[in-house]
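Naming: A, B, ... by sequence-line order, numbering from 1 per chain.
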Amino acid sequence: MSGQHPSTAHATPSFPWQYVIGFILSLVLTVIPLWLVLDHVWKPTPLVIGILLCAVLQIFVQLFMFMHFTHGDGNGPAYQTVILSIGFFFAIIFIGASIWIMSFGYQVQ
Amino acid sequence: MLWFARFVVTFVTPTNEGSVNPNSLREIAIPARKGERAVQRGFPPHFGKLATMVAAMAVLLTGCSPEYVVFNPVGPVAKTELHLIILSTILVAIVVIPVLILLAVIVYRYRDKPGNNAPYSPQWVDSKKLEIVWWGIPIIIIAILGAFTAKTTFSLTKPPENNVKPITIQVVSLNWKWLFEYPDQKIATVNYVNIPTGVPVQFELTSDAPMNSFWIPQLGGQEYTMPGMAMRLWLQADKPGTYSGYGANFSGEGFAHMNFKVNSMSEADFTNWVNQVKSSSPALTMAGYNQLKQDSLAKQQSYSSYPPGLFNDVVMQNGGQYMYKQQMPGASDSTGNSSGSMDMSNMDMGNSDSGQ
Amino acid sequence: MTTTAHAPAENHHGAGHIHVDYPDRPVEYQTEDGALKILGFWVFLATDLILFSCLFATFIVLRSHVDGGPTGKELFDIPSFVAETFILLTSSFTGGLATFEMHRDKRNRVVGWLIVTVLLGLSFVGLEVKEFVHMAMDGATLQRSAFLSAFFTLVGTHGCHVSLGILWMTGIIIQLVRFGINPITARKVFIVNMYWHFLDVVWVFLFTVVYLMGVM
Amino acid sequence: MNPIPHWGIFITEPMILGSDVMIVLVSVAIVFALTKFRKWGWLWREWLTTVDHKKIGIMYLIAALLMLFRGGVDAELMRTQLALPNMTFLDAEHYDEIFTTHGTIMILFMAMPFIFAMFNIAVPLQIGARDVAYPYLNAISFWMFFLGALLLNISFVIGGSPDAGWTSYPPLSELGFSNGPGENYYLLALSISGIGSIATGINFLVTILKMRAPGMTLWRMPLFTWSVLAACILILFAFPALTVALALLLLDRALGAHFFTILHGGDPMMFINLFWIWGHPEVYIVILPAFGIFSEVISTFSKKATFGYGSMVFALMAISIVGFLTWVHHFFTMGSGADVNTFFAIATMVIAIPTGVKVFNWLFTMYRGRIRMSLPMMWAIAFIPCFAIGGATGVMLAVAPADYQYHNSYFLIAHFHQVLIGGTVFGMLAGMYYWWPKMFGFLLNERLGRWAFWFFNIGFYVCFLPQYALGFMGMTRRIYTYPSGLGWTVPNFISTIGAYLMGIGFVFMVWQIIYSIKYGERDLTGDPWDGRTLEWSLPSPAPHYNFATIPTIQGRDAWWLAKQGELSKADFLPAKDELKPIHMPKNSGRPFILSLWFFVLGLGLTFGVVPMDVIAGIGIAYCLFRRSFEYDTDYYIPVDEVIHTESALGRLQG
Ligand code: HEA
Ligand code: HEA
Ligand code: CUA
Ligand SMILES: [Cu+2]
């Protein structure tokens, strides 16, 4: 996944399509959960899953449309893809496991 | 591997009487004096003179003395735990002992001495077969150990005995003493706890001071006492006797002195004792409790009564961190947890407003 | 004998003074040092991600510990956090446009978009401060409950990140004006925008987990 | 408020005073010597402002040895107090402070700088780089660590030390129960040095990923470098959790927040959770580099490549990932639930599998090798039994229901000293002996080193084996005294003797170093151990640019292959006509000054002196701002100079 990024000024497209599309997507992905919550149609569990899903999609928008996530310097792999993936993995583990741990099964009710 | 011999001994011979300690608790509460030589006081004579290391090693090796409280369990919980300890020791020994032997042999055989004619093959640095062996054996061992661990972990959440009606004792760790309340008998004690032999005891644990840990090695393992929470620990004594209990989690200056005694006695003796406490001991008032709560050491004490609901009040005094219902006005408890299962009601966002 | 690298060139990245190791890479990657720093910044973002995840974990665990005090539902003002969200999303976009123009070597446009981004950032921080002050005046302070401690710390940490980003971006704008686009300033623009997009990602989760779930 | 009579106070205070006087005297002596020999400029130019990884490594090493001494003295004091029942040598207050600083210093300010010393000394040389990816940041890391350590150490002199254990659990560590500055010292010292650690993690990760010499593919990397890579992953994803835990506790204490207080819904258990999210990976952070060193040392001194290289690499990575899934084993007894405990118990045990594979591969590296008993190898061999037993008791601890009996007992203390000392300390000492000639250009005296080795090793077992027995006797940790009659006396007494033996071992080590500085044999070859990896192709010590020309690597253990004639040795020597000017970073005083500001900030926060904090904040901001506007950060070493240096070393070709 080495960076086949336009290397000079002249190879860059003249209109920032990628950014515009990304922006529109991010707006849509914000409006949807907002509407879902304010609209009160869904039950809590699917609602939470739904809005979290939108949030996760937003990550992808920022990473791929804005942040040049898969571009490296053209010399060797784009290591950040691996490192950030591990980072996301642990972030999920830490949050999920903390919730699980802090639920205290041995507690007297 | 010194204690290993002891495991074997414990495993094959029935355990001797559990009661151990000649010194009473009051001695512990007395501050240590300068120059007071411990050796002269209540030190079992068969230990001989302390200075000789040989004797000392012998003691460690035989280890048959009742001082090894963990190896002298007197209740089903501690016994189960001891069995796991023995099992895990044997399982890890299966790999570790060969490692030690291999190391000794290899280092001896392949040392770089002139005239050493052991083979030297610097190119031999890979072997699929061997690697499969030493990935495989640990995997098998861990699988066995893991299975036993899982089984026991779940089984210890239940009362050790199903046919006998359990009693409940509520435990509050204070700075730096232990308060025991008997909700059914309505009496309370400090720094000692009497329990009927053969009856499962449900200890409910909390703290009105920094967190501590409640540990009676001969009856079973410990559990934390934490402010704002009530935790459950099942223990049971199978034999009458006096056992040591410890505060196991550091809680400040007086922590070293947070020991207590557990007396296991027949149901009849227990009832007698309860009646005796009821008739002859003072009552624990709220003022008395507040006094007791102060940072200090304490002697053993008995109370004929205590403020009703004290335990619950202690748990709830700051809102009871995890008592969701009290805290989130308007929220319903749709999850309806039962004990021992996961309690996610206070975090599960999906359920948090199902009432609205 | 070249003993030192000289002060950055005046206008164009092709200008001779900066030591360019890889002329045919995108401008931010043209020096060895720049390439290393961009990867290093990615790694830093991974650590920052963990930092935020721990704050999120704390917030979620303490979310219900309101101690009889105000809850999220009572506190959060929907129009205000929705406005904050759209402002930040837009600023992420304008920051991206700055990177885009940088690759087209349009110094003035880069500066322009960065200024827009900074201004949006400022209004975001302004709204947030207003929100915090409002809450504090209603007695919902950091000291009131575990929930509020966690709320202010989580959202505040993000706010501090944004504020730092504003200062940093301002510094880079000045450098752009003074030195133009060259491999060094380009790398800085690129990195500060990575940072900015990352804060947008974090905010999306604040928006979802703290605010939306708070008012559910 | 204090129920326990302070009998020990008259003995203890002079001890503390004594150590303070020692510190002051040594400082005065240093100032005097520097002035007398006009060395201030030298100190500033060569050390305080250096960005050279080799010098930073040496400074880490010196700091680590000093902290080993400080933590060791703490240990000796504790062991003296515990030698007999009802001792009054230390009172509760001082004992509590001492075990807290002992644990904190040993892990954060001894083990961490020790591994960082090894990172710095060896990694760039092993992968054929001229420096790390960010030399300037590297200097910041060091000075942040150093001033963080200093902050904790002055607590004994100014204001009082922390006394809630190295784990610092709330609510004991909250304002309500610990209201002195001690706890603040702990929080700030750890935060400041923690920033440095994260920076080091980033630095070495990028260095290893991006700065390898041509031909040095990942699969040709020395195992020590691999272990550093694995440790960096652990650092990156673990340390932020510590930062958060400390910061939140600080918010509680300084601003009245309620994260971990008992009041207003705070939840102390969340601190425990966050602390161990960091804390468990932390122990693997300090062990993995030791594993790397053992791989290098065992292979070098057995004259055989490491057995099962692929497995070794895989095991390192597996440990670094699975190491993140085990943290609950430090609080099985908190009652998180049978499901939670089971999951984390099994995840913990799983670590034994890759670790065991490593042990077997080391054994089979020696098998059919030729084992030379030099000092590094002695420590490596001593490591195996010690760590195998300590790891095995770790697996026993991981059996959750059984841990209910071991938790917070001396069984636990014995376990972790066995892995920390038998693993990390032995490993770092092996590394120190191994790379010492590379660092300083002379060899350490073998005979004194052997004395140190035997005293330390025998002392170790005498000290810590009895502690397993104590655990089974119900002795809990962190008690400053115990009554007689429980059977604890004899094992404790033996243990104390062992601790003294280790102390003697350490004294021999210091003697060995001082003696060798004067009389040590010079290392003229650059390759005193008949080494295998790239660093041994360089002269000892290496020139400050490391490699005049970067060699192209054509195999694993390339230098060894070259010596065997399988590759050309000439590849590792610079050729005159290939030399180019060498691009190097400039020295800078700013890392030191920036860290000083952090130190001032820490001190100000510790005592709540707001003006101090404001000034320090401005200082920090100014340093960062200046750096951002600084473009003149590097220079070129002219070819002439390189030629001069290399031909003086007799290495130049053509
Ligand atoms: C360098 C540091 C280090 C290392 C490497 C380890 C390694 C391990 N540790 Fe340890 N540990 C600590 C430092 C370390 N630990 C510290 C400091 C504490 C206490 C902190 C405090 O409370 O203050 C602690 C506490 C601690 C606990 C908590 C106990 C309690 O508080 O009640 C547990 C429980 O599971 C545990 C388990 C393990 C395990 C399973 C390993 C494994 O990684 C070990 C793996 C190694 C082997 C198993 C040996 C080699 C293998 C073989 C020879 C072959 C295969 C073997 C088998 C199949 C059995 N450790
Ligand atoms: C890498 C980490 C590390 C290392 C190397 C050590 C080394 C030692 N430790 Fe430590 N220890 C910890 C980490 C470590 N420890 C931690 C994390 C804790 C938990 C703290 C807590 O509970 O919060 C702990 C706790 C701890 C306890 C339990 C305290 C308690 O709970 O009450 C004990 C008791 O025996 C102990 C003993 C020792 C001893 C004897 C050594 C010996 O190896 C020390 C050997 C001595 C030296 C290396 C140098 C000494 C030098 C001299 C004496 C020279 C004197 C000469 C002159 C003045 C000229 N340690
Ligand atoms: Cu810890 Cu409840
Ligand atoms: Cu651990």
Checklist entry - Checking side chain to side chain contact (heavy atoms under 4.5 Å, CB included) for the pair B/Val125/D/Tyr309: CA distance, chi angles, key distance, verdict? => result CA-CA 8 Å; B/Val125 292; D/Tyr309 178 92; over 6 Å; no
Item to check | Heavy-atom closest contact (B/Thr153 atom, D/Ala400 atom, distance) | outcome: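 Looks like OG1-CB, 4.1 Å.
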Between [X] and [Y], is any side-chain donor less than 3.5 angstrom from a side-chain acceptor?
| X | Y | result |
| --- | --- | --- |
| D/Ser311 | B/Trp135 | yes |
| D/Tyr480 | B/His257 | yes |
| B/Glu67 | D/Trp488 | no |

Item to check | ring pair (Phe, Tyr, Trp, His ring centres under 6.0 Å) partners of D/Phe343, counting only residues at least two apart | outcome: A/Trp100
Item to check | Residues that D/Phe301 engages under ring pair (Phe, Tyr, Trp, His ring centres under 6.0 Å), provided they are two or more places apart | outcome: D/Trp529
Counting only heavy atoms closer than 4.5 Å, note whether [X] contacts chain D via side chain, backbone, both or neither.
| X | value |
| --- | --- |
| B/Ser207 | neither |
| B/Trp134 | both |
| B/Leu130 | side chain |
| B/Val92 | side chain |
| B/Ala78 | both |
| B/Ser251 | backbone |

Checklist entry - Between the main-chain N or O of D/Lys303 and the side-chain N or O of B/Tyr120, is there a donor-acceptor pair closer than 3.5 Å? => result yes
Next on the checklist: Donor-acceptor check, side chain of B/Gln222 to backbone of D/Tyr404, threshold 3.5 angstrom: yes or no?
Outcome noted: yes
Checklist entry - Taking only heavy atoms into account, what residues of residues 142-150 of chain B are found under 4.5 Å from chain D? => result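 The residues closer than 4.5 Å to chain D, in numerical order, are B/Ile142, B/Leu145, B/Gly146, B/Thr149, B/Ala150.
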Are the side chains of [X] and [Y] in touch, meaning some heavy atoms are under 4.5 Å apart?
| X | Y | value |
| --- | --- | --- |
| B/Val69 | D/Phe472 | no |
| B/Pro210 | D/Tyr169 | no |
| D/Met334 | B/Met226 | yes |
| D/Ile262 | B/Gln317 | no |
| B/Val95 | D/Phe360 | yes |
| D/Met366 | B/Tyr110 | no |
| D/Ser409 | B/Tyr246 | no |
| B/Asp112 | D/Ile371 | no |

Could you grab the distance from atom [atom1] of [X] to atom [atom2] of [Y], nearest 0.5 Å is fine?
| X | Y | atom1 | atom2 | value |
| --- | --- | --- | --- | --- |
| B/Ser127 | D/Phe307 | OG | CZ | 5.0 Å |
| D/Met396 | B/Ile85 | CE | CD1 | 6.5 Å |
| D/Leu363 | B/Leu102 | CG | CG | 5.5 Å |
| B/Glu253 | D/His94 | CD | NE2 | 10.0 Å |
| D/Thr333 | B/Met231 | OG1 | CE | 9.5 Å |

Checklist entry - Knowing that exactly one of B/Val99, B/Val96, B/Leu103 qualifies, which makes a side-chain contact (heavy atoms from CB on, under 4.5 Å) with D/Pro385? => result B/Leu103
Can you tell me which portion of [X] sits under 4.5 Å from chain B's heavy atoms? Options are side chain, backbone, both or neither.
| X | answer |
| --- | --- |
| D/Val359 | side chain |
| D/Ser299 | neither |
| D/Phe387 | neither |
| D/Tyr367 | both |
| D/Ala345 | side chain |

Next on the checklist: Please evaluate residues B/Met211 and D/Ile272 with respect to the criterion side chain to side chain contact (heavy atoms under 4.5 Å, CB included), reporting the C-alpha separation (whole Å), side-chain torsions for both, the decisive distance (0.1 Å), and the verdict.
Outcome noted: CA-CA 11 Å; B/Met211 139 183 169; D/Ile272 300 181; 3.6 Å; yes
Please identify, among [options], the residue contributing the most non-hydrogen atom pairs under 4.5 Å to chain D.
| options | result |
| --- | --- |
| B/Pro138, B/Ser121, B/Pro217, B/Pro122 | B/Ser121 |
| B/Leu87, B/Thr80, B/Asp126 | B/Asp126 |
| B/Ala209, B/Gly247, B/Pro98, B/Gly220 | B/Gly220 |

Find the one option among [options] whose heavy-atom pairs under 4.5 Å with chain B are most numerous.
| options | result |
| --- | --- |
| D/Ala402, D/Gly474, D/Ala388 | D/Gly474 |
| D/Leu172, D/Ile346, D/Thr476, D/Ile479 | D/Leu172 |
| D/Lys304, D/His264, D/Arg477, D/Glu174 | D/Lys304 |
| D/Leu263, D/Asp403, D/Asn361 | D/Asn361 |
| D/Ala315, D/Ala392, D/Gly471, D/Pro401 | D/Pro401 |
| D/Arg478, D/Met373, D/His407, D/Arg372 | D/His407 |

Next on the checklist: Test: side chain to side chain donor-acceptor pair (under 3.5 Å). Region: residues 345-354 of chain D. Which pairs qualify, not counting sequence neighbours?
Outcome noted: D/His329-D/Thr348
Checklist entry - In terms of the angle between their ring planes, are B/Phe250 and D/Phe99 parallel, tilted or perpendicular, with boundaries placed at 30° and 60°? => result perpendicular
